[in-house]
Every structure is written in structure tokens, then in C-alpha cells.
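Contents: one structure, followed by commentary.
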Amino acid sequence: MKKVLASLALTFVMASTALAQGLSIRAEGGAIFGSSSNIALPGAGGSSTNLEFKDNTGLRLGAALEFKFLGFFYFSPGLTYNVATSNLTAASVLSGKKVSLTDHNLSLPLNLGFRIKPLGLLGVSVEAGPYASYQLSNKGIVDGKEIDTSEIFKDVQGFDFNKLNYGLNASAAVEFSAFYVRGGVLLPLSDKFKNDPFGEAGKGFEKVWNEIKDKGLNSKSLSYFVTLGIRF
């Protein structure tokens with residue numbers, strides 16, 4: 001019995017040592033930014049309304065674990081905090097005033113990566129995988145006044161947001177010693193705008209809403225990020 005316990009203890013110590021040797025922790029921070037859309041919607045009497053939607057640069061902070069296996073490969077679960085502001089303007093809506101929406105969310109990426117460091121200090125890595133994100137809050141500013149979008153849009157469901165979303169992400173990094181520069185892309189697979197356009201608030205607007213979404217305002221466009229980081 002003592003020999004069995006000793007063997008199990010030795011196996012546990014060796015496994016813990018191997019895991020510790022193959023485990024890295026990293027932290028990074030940088031910018032996240034998206035694309036712009038300019039949509040012309042037909043109006044009454046042949047007129048049109050220009051709807052401009054622009055994603056400004058935001059902030060991205062994150063940390064992740066790396067579990068190394070088979071020499072060059074690693075599995076990396078992580079957690080990132082993202083905050084980004086989108087600006088919406090329309091020529092004949094809200095008197096042309098700019099509407100700014102600031103979104104705060106947490107994202108959980110689960111990536112499979114590959115790293116080579118042929119020169120020891122200098123190397124490259126690439127990784128990709130799915131992610132899930134949860135919206136912590138969304139605040140808006142109209143004509144310099146802050147609003148809570150959850151209150152404004154609680155009856156107009158078409159412009160409300162699904163808090164839980166998911167997608168795919170991929171990135172590549174250039175590494176020097178423990179430091180690295182990473183560039184990546186986020187591809188949403190779910191639409192953060194709810195699919196029921198207006199509920200009971202006005203089915204007559206459904207055609208306009210669907211036209212807006214068909215022309216690209218559906219939150220499924222690519223976002224990009226660039227970060228600086230360190231791996232321990």
C-alpha cells in the first residue's frame with residue numbers, strides 16, 4: 001500500500017512539474033477598432049436619408065493562460081475587457097445630431113495556437129478559435145447628454161442589444177524575448193441587435209429596419225485589434 005501511495009505521489013509531482021513547465025501567463029493591452037457604414041435610405045417624395053455608422057477606436061485589455069503541448073502548439077483560454085464607442089448620425093433624424101454609443105463587454109476567447117522561435121529570442125505565433133462575449137453596459141450620448149440605452153430602447157426592441165454574443169477570432173504576434181506585438185481580427189457570428197424589430201411598438205417600421213440591416217448595420221462586421229503584451 002505504501003508503495004502504491006508513493007508511486008501515486010511521485011506521479012502527481014511529476015505531472016505537476018510538467019504542467020508548470022508547460023504553462024505560461026500573458027497580459028496585453030491596446031486598441032480595438034471597427035469599420036464604417038454609410039447607408040442611403042429612401043424617404044418620402046423621392047428624398048433620401050444618409051445614415052452614417054462609424055466605429056471609433058476603443059480600448060482592449062486582456063490576460064490569458066497558455067498550455068503548451070507537442071512542442072510547438074498551445075491551448076490558450078483568456079479573458080478580455082473591451083470598451084468601444086460607435087457614432088451614429090442621420091441627416092434628417094434627431095435634427096442631424098450625433099449619437100454616440102459606448103459599449104463595455106467581457107470576452108472569453110478559447111484559442112489553439114502555434115509558436116516557433118528559431119532564433120531563441122525572436123519568434124512568431126498564430127492562434128485562432130471561438131469566443132463568447134457578454135455586454136456589461138451600453139451608454140449613449142445625444143447632443144452632449146448621457147442616456148441609458150436600456151431605458152430608451154426597452155419598448156423599441158429592434159434597437160436593443162443581446163447581451164450574450166459569440167464569434168470567431170484570429171491573431172498573429174511577433175515576439176522578442178517575453179514581449180510581443182499582436183494584431184488580430186474578430187468576426188461576430190451572432191447579431192447583437194435583437195431580431196424582433198419593434199415588438200408591438202410599430203410593425204410599420206419593420207421594412208425600414210430590415211433594409212438597414214440588409215445594408216450592413218447588423219453588428220456582424222469585422223473588428224480589429226492591435227496590442228502590446230508580455231508573457232511570463
Side-chain angles (χ1 to χ4, degrees), residues 8-36 54-86 102-136 164-192 219-232:
L8 290 175
L10 179 60
T11 301
F12 176 77
V13 170
M14 293 177 64
S16 299
T17 302
L19 179 61
Q21 290 177 345
L23 173 64
S24 298
I25 302 173
R26 73 187 195 212
E28 60 188 59
I32 183 170
F33 48 96
S35 57
S36 299
K54 182 178 180 181
D55 285 342
N56 286 346
T57 301
L59 177 67
R60 178 180 174 90
L61 301 173
L65 300 175
E66 290 187 5
F67 297 95
K68 187 178 179 181
F69 65 95
L70 297 180
F72 298 105
F73 296 92
Y74 62 88
F75 171 66
S76 181
L79 183 67
T80 66
Y81 168 72
N82 305 281
V83 53
T85 299
S86 300
T102 301
D103 182 67
H104 299 256
N105 69 75
L106 286 178
S107 179
L108 176 66
L110 299 174
N111 291 325
L112 183 64
F114 176 81
R115 174 180 291 108
I116 55 173
K117 278 194 170 183
L119 301 180
L121 291 178
L122 186 64
V124 295
S125 64
V126 293
E127 62 184 56
Y131 74 86
S133 67
Y134 182 79
Q135 184 189 79
L136 299 175
L164 185 61
N165 293 278
Y166 58 89
L168 299 174
N169 77 113
S171 65
V174 177
E175 307 180 1
F176 180 77
S177 185
F179 300 93
Y180 61 86
V181 178
R182 180 180 306 281
V185 61
L186 302 172
L187 173 62
L189 297 179
S190 61
D191 193 347
K192 70 180 180 182
S219 79
K220 289 185 180 180
S221 57
L222 293 176
S223 295
Y224 308 90
F225 63 88
V226 178
T227 56
L228 299 176
I230 183 172
R231 194 173 79 254
F232 303 96

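Just the heavy atoms: all of them, side chains too, but no hydrogens, waters or symmetry mates, feed the values below. All values reported here derive from a predicted model rather than from experimental measurement.
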pair [X]-[Y]: side-chain heavy atoms closer than 4.5 Å:
X    : Y    : answer
Y74  : S125 : yes
F75  : L110 : yes
L186 : I32  : yes
N82  : S107 : yes

Rounded to the nearest 0.5 Å, what's the gap from [atom1] on [X] to [atom2] on [Y]? Could you check?
X    : Y    : atom1 : atom2 : value
Y81  : N105 : OH    : CG    : 8.5 Å
L23  : K68  : CG    : NZ    : 12.0 Å
L106 : L79  : CG    : CG    : 5.5 Å

Exercise. Does any pair with a residue in residues 69-82 pass salt bridge (Lys or Arg N to Asp or Glu O under 4.0 Å), and if so which ones, sequence neighbours excluded?
Worked result: none
Exercise. Which pairs with one or both residues in residues 72-83 pass salt bridge (Lys or Arg N to Asp or Glu O under 4.0 Å), sequence neighbours excluded?
Worked result: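 Listed once each, the pairs would be none.
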Shortest non-hydrogen separation from [X] to [Y] and the atoms involved:
X    : Y    : value
S76  : L65  : OG-O, 2.8 Å
Y131 : P109 : CB-CA, 3.8 Å
S190 : Y166 : OG-N, 3.0 Å
A27  : Y180 : O-OH, 3.6 Å
Y224 : L222 : OH-CD1, 3.5 Å

Under the side chain to side chain contact (heavy atoms under 4.5 Å, CB included) test, residues paired with [X] that sit two or more places apart:
X    : value
I230 : A178, F179, F232
T227 : E28, R60, R182, F225
T102 : V83, T85, H104

Would you list the atom pairs, donor with acceptor, under 3.5 Å between side chains in residues 114-121 and any protein atom, with sequence neighbours excluded?
residue	atom	partner	partner atom	Å
R115	NE	E175	OE1	3.0
R115	NE	E175	OE2	3.0
R115	NH1	E66	OE1	3.1
R115	NH2	E66	OE1	3.1
R115	NH2	E66	OE2	3.0
R115	NH2	E175	OE2	3.3
K117	NZ	S177	O	2.8

For this session: Please list, chain by chain and in numerical order, all residues satisfying side chain to side chain donor-acceptor pair (under 3.5 Å) with N169, sequence neighbours excluded.
Result: N111
